[in-house]
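What follows is a single structure, written as structure tokens, with notes after it.
Order of the sequence lines fixes the chain letters, A, B, ..., with proteins taken first and strands second; residue numbering starts at 1 for each chain.
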Number of protein chains: 4
Amino acid sequence: MSTTPTFKRLPRAVREQQMLDAAVKVFSRRGFHAASMDEIAEDAGISKPMVYAYLGTKEELFVACLHREGTRMMEAIAGVINPEMPADQRLWHGLRAFFRFVAAHRDGWVVLYRQARGEQPFAGELAVMRARMVEVVAGMLDRALRADGREVREIDLEIQAYALVGASESLADWLADRPDADPDQLAARMVNIAWLGAGQLLSGEVWRRPTEG
Amino acid sequence: MSTTPTFKRLPRAVREQQMLDAAVKVFSRRGFHAASMDEIAEDAGISKPMVYAYLGTKEELFVACLHREGTRMMEAIAGVINPEMPADQRLWHGLRAFFRFVAAHRDGWVVLYRQARGEQPFAGELAVMRARMVEVVAGMLDRALRADGREVREIDLEIQAYALVGASESLADWLADRPDADPDQLAARMVNIAWLGAGQLLSGEVWRRPTEG
Amino acid sequence: MSTTPTFKRLPRAVREQQMLDAAVKVFSRRGFHAASMDEIAEDAGISKPMVYAYLGTKEELFVACLHREGTRMMEAIAGVINPEMPADQRLWHGLRAFFRFVAAHRDGWVVLYRQARGEQPFAGELAVMRARMVEVVAGMLDRALRADGREVREIDLEIQAYALVGASESLADWLADRPDADPDQLAARMVNIAWLGAGQLLSGEVWRRPTEG
Amino acid sequence: MSTTPTFKRLPRAVREQQMLDAAVKVFSRRGFHAASMDEIAEDAGISKPMVYAYLGTKEELFVACLHREGTRMMEAIAGVINPEMPADQRLWHGLRAFFRFVAAHRDGWVVLYRQARGEQPFAGELAVMRARMVEVVAGMLDRALRADGREVREIDLEIQAYALVGASESLADWLADRPDADPDQLAARMVNIAWLGAGQLLSGEVWRRPTEG
DNA sequence: CATGAATGAGGCTTCATTCAT
DNA sequence: CATGAATGAAGCCTCATTCAT
């Protein structure tokens, strides 16, 4: 209220970003249902009707947040991965970018991961993004295995990928609650866990469950 | 018209369970906010004031759901673990019990995992249960490592445990959406992934990140 | 506020009638859109949520008004018509009942005739009632004509009936704006107009339009 | 980018007609309240502030529609009536012009008849036009009767005229919903009904109501 | 002249929660 | 013990209307 004078009559594109910023923040803090359009508008420094005019319904607004944050995250990761890298390098750079993104956009991550999951209407939206990510990871594993002359059943790959993605998400979540943790270190640890596990897979070593019922 | 019908007037404990059943079902289907006390009461076959009289506020009701489902899950797992088993057996039995629970109580799992996480007031409640689980897993890993003469920094253990729990949750979630998947098979796969990763940890093998900044 | 003490906790049936009374009054005075649920609730001496609980949406409430008033009117008319009367008697008694109803339920009439017509969602509802009435009138004319040995094309009957109904509605509308007009006299005049017109029809006399294009 | 395109900057009068066209269309389709200034402006291919600058408030805009359509209709009718025609010819030409107008300007008719009637603020406006029409019809009847040497009480004339106008409106409404009906045929039928009824009036024949109370 | 940007105000609807019977 | 009746509060959304460019 005392520092930067708030300008009026900004162009649409600017206002839309302001609104999305506010929306991500409020959704992240309160959750989809508990968030109020009033608070979002106020936080964006604009009146409610503008939010509706530019970004539509509360649901549409949430989807817009989802898309923006999801795209940003995907791009952050895709931007550092190069198909010519060896697999462990791809994993390392990808995870590091991922954890860095989470550390830098905690709100966005919370919106994507904690909120979207719980709210029925968006589970689908999120599932698509998640599936894409799982697919990418599975593909990475698959190529690494084939390069090594080994073949694995699709379902095994999918599950392995799901576990890996789930572990990463869990750690991201852990990171989101610890403002001073170092994302790079976390990435290194995660690579360690994932890569060594995958290494076993590569070497064909398998744990066998006892035969009892 | 004057004799009270005998099938009503159930003892309080029974009624409470009916209500909790209904509540878990509705919360699971709709999410905390979207769920209405009306629907819960109707689903429980009882009038709203009774719900309030027995289980209190909507928030308290949700917490009660959380506790019941959480306790059930914990007990299901604890019931099959025996401290004298070797570590891989403990992991196997624990995970199998966990996935079996999820497969048999999808609604409860959804309440615990998908809903409680997103809604601020309960994140804390859940975090406690989660932390307890992580601690148990970390302890398991720690003892295994110490038994092998190796020592690992606490933070490494915590992260490894977080990853393991996260991977398991992710697979549980995968399972919750696939009614005909076999929990035992999934448990076996997860043990495979986890144990082999841990094996590397045990053997002291480590992936080193490149030295660039 | 000073005369009859307003009782609380009235049974549902009573409250519903109170609400419908208020709704008819307010809709009639303001029109569907301009009427506010607040005003209706206040006028009914009850809070808004009760209106929603008992009678649903604003649209549903309006339809309920339509049905109640429409049914009342139909019954008022049907109650005095006897199939064994000669046709002119049926017309006379029917019209008299109709105008009496309008005089006694001005609000109801306005809701039915002036409001429902203009508002798209209800045009259909109303059209059905109107069509029923037209059909009845057409049937009445048809029987009178056949009894006289004459046959008329269906379309002619329909149009004749439409004109008759339209004329009556117009006069009803005239009546609704003149609180001290006498409905019985108006009915007599209308019978005169209608019956004599029909008399010409009976006698087969026809006006021929000039042959120019 | 610097030369102003020539196809814009239409003269004011043209722009106003475009706006009125759009307004009539939208009001007719949605009704006064449900119509939005946004839709009208968009449909007119012009920005909202222009609408306000040229035609004022929403209410004023609606009144402008009413006046234009009402005037057009009146003129269409007046243009074909000649005071020297015999009465039945005047009736025939007038009604034909009326039904032709309705068939050709369904939207305008709906605005005039269905919408304006229901919305309180305009009922007055419309009543004036309607009264003028009734007066004209009554005058026509009066002269025909006087020419025949008969005198009728003013109230009887008014009611007869109201009935006639009401019947015509009802048929016009019937016509507005039947795009392929022939207005000329309808006019002929209406003349038939009206003229023969009036004929009875002329001949002094009267239906007498029973003497019971 | 023309318009994109902006908002105050108000209406519909729902819900958690409580009272009086 | 049990419930139908009742409500305060709050949220989403839309719209007529006006500025500032």
Quick test: give all pairs of protein nitrogen or oxygen and nucleotides 9-11 of chain E nitrogen or oxygen below 3.5 Å, distance rounded to 0.1 Å.
none

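- Contact of the L61(A) side chain with the M37(A) side chain is registered, since non-hydrogen atoms from C-beta on lie closer than 4.5 Å.
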Which side-chain N or O atoms in residues 19-29 of chain C pair as donor and acceptor under 3.5 Å with protein atoms at least two apart or in another chain?
residue, atom, partner, partner atom, Å
D21(C), OD1, R68(C), NH1, 3.0
D21(C), OD1, R68(C), NH2, 2.8
K25(C), NZ, D43(C), OD2, 3.3
S28(C), OG, D107(C), OD1, 3.3

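- Between the P atom of dA16(E) and the CZ atom of R30(B) lies a distance of 12 Å, rounded to the nearest Å.
- Comparing the end axes of the helix from dA2(E)-dT21(F) to dT21(E)-dA2(F), each fitted to five base pairs by superposing C1' atoms of four pairs onto the next four, gives an inter-axis angle of 10° (nearest 10 degrees).
- Rounded to an integer number of Å, the gap from CG of L55(D) to C1' of dT18(F) is 17 Å.
- With hydrogens and angles disregarded, a donor-acceptor distance shorter than 3.5 Å links the side chain of S36(D) to the backbone of E39(D).
- Computed from coordinates, the R9(A) CZ to dT7(E) C1' distance equals 10 Å when rounded to whole Å.
- Looking at which nucleotide of DNA chain E each of T57(C) and S47(D) is closest to, the 5′-most match is held by S47(D).
- To the nearest angstrom, P of dG8(E) lies 12 Å from CD of E42(A).
- Note on Y54(C): every side-chain N or O is 4.0 Å or more away from OP1 and OP2 of dG4(F).
- Counting only heavy atoms from C-beta outward, the side chains of L126(B) and M129(B) approach each other to under 4.5 Å.
- The CZ atom of F62(B) sits 13 Å away from the P atom of dA16(E) (whole-angstrom rounding).
- Contacts of K58(A) classified as salt bridge (Lys or Arg N to Asp or Glu O under 4.0 Å), with partners at least two apart in sequence or in another chain: none.
- In this structure, L10(A) atom CG and dT21(F) atom P are separated by 11 Å, rounded to whole Å.
- When atom types are taken as modelled, the side chain of Q115(A) and the backbone of G118(B) share a donor-acceptor pair closer than 3.5 angstrom.
- Between Y52(C) and dC15(E) there is no side-chain N or O to OP1 or OP2 distance below 4.0 Å.
- Between the CD atom of E16(B) and the C1' atom of dC1(F) there is a distance of 14 Å, rounded to whole Å.
- Residues satisfying the ring pair (Phe, Tyr, Trp, His ring centres under 6.0 Å) criterion with F122(B), sequence neighbours excluded, are F32(B), F62(B).
- In this structure, of dA6(E), dA2(E), dA6(F), it is dA2(E) that holds the atom nearest to the side chain of R15(D).
- With sequence neighbours left out, the salt bridge (Lys or Arg N to Asp or Glu O under 4.0 Å) criterion links E125(B) to no other residue.
- Listed nucleotides: dT3(F), dA6(E), dT7(E). Nearest to the side chain of I46(B): dT3(F).
- Q18(A) places none of its side-chain heavy atoms less than 4.5 Å from the side chain of M50(A).
- Taking atom CD of residue E60(B) and atom P of nucleotide dT17(E), one finds them 8 Å apart after rounding to whole Å.
- Between R12(C) and dA6(F) there is no side-chain polar atom (N or O) within less than 4.0 angstrom of OP1 or OP2.
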